[in-house]
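By convention in this document, chain letters (A, B, ...) are assigned in the order of the sequence lines, proteins followed by strands, and residues within each chain are numbered from 1.
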Number of protein chains: 2
Amino acid sequence: MPTPPGRKPRKAAPARQPLTQELIVRTAVRVLDAEGLEAVTMRRVAQELGTGPASLYAHVSGKEELRELMLDHVAAEIALPAEPDPSRWQEQLKELAAEIRRVYTSHGDIAKVSMGLIPTGPNLLAVADAQLGLMRAGGVPPKIAGLAVDTLGMFLDADAIEDTIYMARTPAGVDRWEHFQTHFEEVRAYFAALPPDRFPNVTAMVDELTGGTGDDRFRFGLDILVRGIASYVQDPPTS
Amino acid sequence: MPTPPGRKPRKAAPARQPLTQELIVRTAVRVLDAEGLEAVTMRRVAQELGTGPASLYAHVSGKEELRELMLDHVAAEIALPAEPDPSRWQEQLKELAAEIRRVYTSHGDIAKVSMGLIPTGPNLLAVADAQLGLMRAGGVPPKIAGLAVDTLGMFLDADAIEDTIYMARTPAGVDRWEHFQTHFEEVRAYFAALPPDRFPNVTAMVDELTGGTGDDRFRFGLDILVRGIASYVQDPPTS
DNA sequence: ACCTGAACACCGTTCAAGT
DNA sequence: ACCTGAACACCGTTCAAGT
């Protein structure tokens with residue numbers, strides 16, 4: 001049967017969307033989520049878009065910029081506190097940190113891009129601005145707040161990277177948690193088998209060194225940092 | 001003139017040293033020091049040794065193992081405290097941290113290898129053992145000490161990486177410090193030019209955000225961490 | 001056992017040529 | 001202005017062949 005007049009074919013063509021920076025970044029993040037940062041190559045992203053690698057360079061200056069755009073794209077998911085509350089700025093800062101951790105760890109090893117990068121994208125800057133806002137509301141001296149944003153950022157990046165170590169190396173087709181467990185048990189056995197005379201403390205503390213979960217480590221470090229920052233407040237707000 | 005009998009030629013041949021793991025690792029570290037971690041490729045190390053990349057695989061399982069061997073090789077330079085002194089364990093821990101920082105930052109971006117890696121090499125394990133020894137001497141509860149080694153390691157790795165950002169990207173033939181200054185001034189100008197209504201805190205604190213040196217940041221973070229760890233000590237030793 | 005050349009399956013980026 | 005094919009100068013790793 002011929003198509004009746006005036007009725008257009010359902011799909012005019014493959015109708016590929018035109019290339020834009022936004023589309024490229026979204027595609028790159030999809031690859032990141034599925035296979036990790038190492039899999040995000042210019043060639044791979046181009047292939048995913050049905051084109052060649054050279055086509056990307058009209059919208060992105062190179063791989064480095066693409067990585068930074070991916071990071072800022074992902075940072076948009078971080079929910080910021082509505083308004084600083086001076087009476088509970090420490091809790092708010094911890095909540096924001098937990099939120100950043102949640103978003104980072106849900107996007108493969110994106111934290112590797114953040115580590116050692118001065119934030120310039122709008123979303124990452126908004127996060128930094130929110131952190132500063134909370135500390136200012138809490139009465140943290142500006143100089144301390146300036147240093148603390150850096151330190152907090154280092155901690156969050158490092159923690160997210162640490163969290164994704166076992167994940168990243170999981171071979172395809174293997175259960176992630178099983179892989180995690182196996183690897184962990186190997187480390188434990190290795191530590192336990194070390195010569196006690198050369199490593200008296202490591203061998204004596206095998207349980208303590210391998211026992212803590214990622215959550216334990218995060219809470220421990222975050223608590224110490226926030227308490228440390230708060231210790232610089234001269235006149236704590238009367239709650 | 002012919003060579004007199006019984007006198008061997010000065011140099012019998014190019015006399016290349018036979019390939020060993022030790023030699024490969026030393027060569028790789030030399031490339032790291034001169035050109036950074038990215039320049040350390042299997043092919044480049046092989047070339048430096050006057051052979052092909054395939055030859056390395058008889059002594060090293062691959063690039064990943066070579067990187068870890070490099071890290072442990074470098075960790076041998078870290079001077080460990082002679083003996084824990086319970087009355088000044090916090091100072092000793094800070095001194096050790098500063099020593100680790102010194103060694104890491106003197107070897108390009110080697111800290112990138114350490115980040116997110118469970119230490120298994122003898123030298124890195126010795127460093128961890130020393131940290132644990134200091135904390136145990138200070139009366140830090142074992143569980144806390146176990147978490148603290150992790151947190152401290154994360155901080156040291158992140159700090160060293162942060163320190164080498166500007167260095168690593170310096171183009172050849174350009175003065176490193178000049179490059180650093182230029183880049184820093186650009187960041188400052190960028191922050192200052194941001195819209196104050198969207199980023200009220202960042203724009204209000206440009207000086208505080210760009211003012212601190214790497215040393216400031218290190219001392220600030222380390223001080224907070226050690227104080228936090230010490231806060232878990234139940235019965236501080238009577239000094 | 002160690003070393004090698006050649007090959008395989010990848011990279012990021014550039015550039016002249018097309019539309 | 002945007003897109004493309006082809007090329008350039010690299011990667012890590014494997015493998016059969018040599019010694």
Side-chain angles (χ1 to χ4, degrees), chain A residues 12-32 34-71 108-110 112-113 117 168-172, chain B residues 12-32 34-71 108-110 112-113 117 168-172:
Chain A
R16 264 217 329 279
Q17 304 169 64
L19 235 43
T20 62
Q21 190 181 81
E22 163 79 16
L23 181 61
I24 291 170
V25 172
R26 273 213 319 270
T27 307
V29 170
R30 217 176 53 219
V31 176
L32 164 75
E35 298 169 47
L37 193 62
E38 277 214 344
V40 182
T41 65
M42 299 300 274
R43 294 179 115 97
R44 176 66 196 282
V45 173
Q47 190 195 42
E48 211 79 14
L49 289 163
T51 182
S55 303
L56 307 181
Y57 287 81
H59 304 92
V60 147
S61 72
K63 198 192 180 183
E64 196 55 38
E65 194 187 63
L66 176 55
R67 280 167 169 251
E68 294 180 24
L69 290 168
M70 288 166 68
L71 174 64
D109 29 4
I110 189 67
K112 278 185 183 153
V113 178
L117 185 85
R169 304 268 166 199
T170 308
Chain B
R16 263 216 331 277
Q17 305 169 66
L19 235 43
T20 61
Q21 191 182 81
E22 163 79 16
L23 180 61
I24 291 169
V25 172
R26 272 213 319 271
T27 308
V29 170
R30 217 178 51 220
V31 176
L32 164 76
E35 298 169 48
L37 193 62
E38 278 214 345
V40 182
T41 65
M42 299 300 274
R43 294 179 115 96
R44 176 65 196 283
V45 173
Q47 190 195 42
E48 211 80 14
L49 289 162
T51 181
S55 303
L56 306 182
Y57 287 82
H59 304 93
V60 148
S61 71
K63 198 191 179 183
E64 196 55 39
E65 193 185 65
L66 177 56
R67 279 167 170 252
E68 294 180 24
L69 290 168
M70 288 166 68
L71 175 64
D109 28 6
I110 189 67
K112 279 186 184 153
V113 178
L117 185 86
R169 305 265 166 201
T170 309

- prompt: So what does the secondary structure string of DNA chain D come out as, 5' to 3', with Watson-Crick or wobble pairs under 3.5 angstrom, [ ] for crossing and | for pairs with another strand?
  reply: ||.|||||...|||||.||
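The shortest heavy-atom contact between A:A28 and A:L66 is CB-CD1, 4.1 Å. Of all the heavy atoms in A:M42 and A:G62, the pair that sits closest is CE-C, 4.0 Å.
In this structure, A:R43 places its CZ atom 15 Å from P of D:dA9, rounding to the nearest Å. Here the C1' atom of nucleotide C:dT19 and the CG atom of A:L19 are 16 Å apart, to the nearest Å. At whole-Å resolution of the value, CG in B:L23 and P in C:dC2 are 14 Å apart. The interatomic distance linking B:E35 (CD) with D:dC10 (P) rounds to 12 Å, in whole Å. Rounded to an integer number of Å, the gap from B:Q47 CD to D:dG12 C1' is 16 Å. In this structure, B:E64 places its CD atom 14 Å from C1' of D:dT13, rounding to the nearest Å. Computed from coordinates, the A:Q21 CD to D:dC2 P distance equals 12 Å when rounded to whole Å. Between the P atom of D:dC11 and the NZ atom of A:K63 lies a distance of 14 Å, rounded to the nearest Å.
Residue A:M42 places its side chain closer to C:dT13 than to any other of C:dT13, C:dA7, D:dT4.
Using a 4.5 Å heavy-atom cutoff, the side chains of A:T20 and A:V25 are not in contact. In this structure, the side chains of A:R67 and A:V40 stay at 4.5 Å or more apart for every pair of heavy atoms. At least one side-chain heavy atom of B:E65 sits under 4.5 Å from a side-chain heavy atom of B:Q21. Within the 4.5 Å cutoff, the side chain of B:L117 has heavy atoms near those of the B:E68 side chain.
Using a distance-only test at 3.5 Å, with no hydrogens or angles considered, no donor-acceptor pair links the side chain of A:H59 to the main chain of A:I24.
One finds no side-chain N or O of B:T41 lying less than 4.0 angstrom from the OP1 or OP2 phosphate oxygen of D:dC10.
In this structure, CG on B:D109 lies 5.0 Å from CG on B:L37, to the nearest 0.5 angstrom.
Sorted by first and then second residue, the side chain to side chain donor-acceptor pair (under 3.5 Å) pairs with a member in residues 23-32 of chain A read A:E22-A:R26; sequence neighbours excluded.
Within residues 53-60 of chain B, the residues that place at least one heavy atom under 4.0 Å from DNA chain D are, in residue-number order, B:P53, B:A54, B:Y57.
Rounded to whole Å, the separation between the C1' atoms of C:dA9 and D:dC10 comes to 13 Å.
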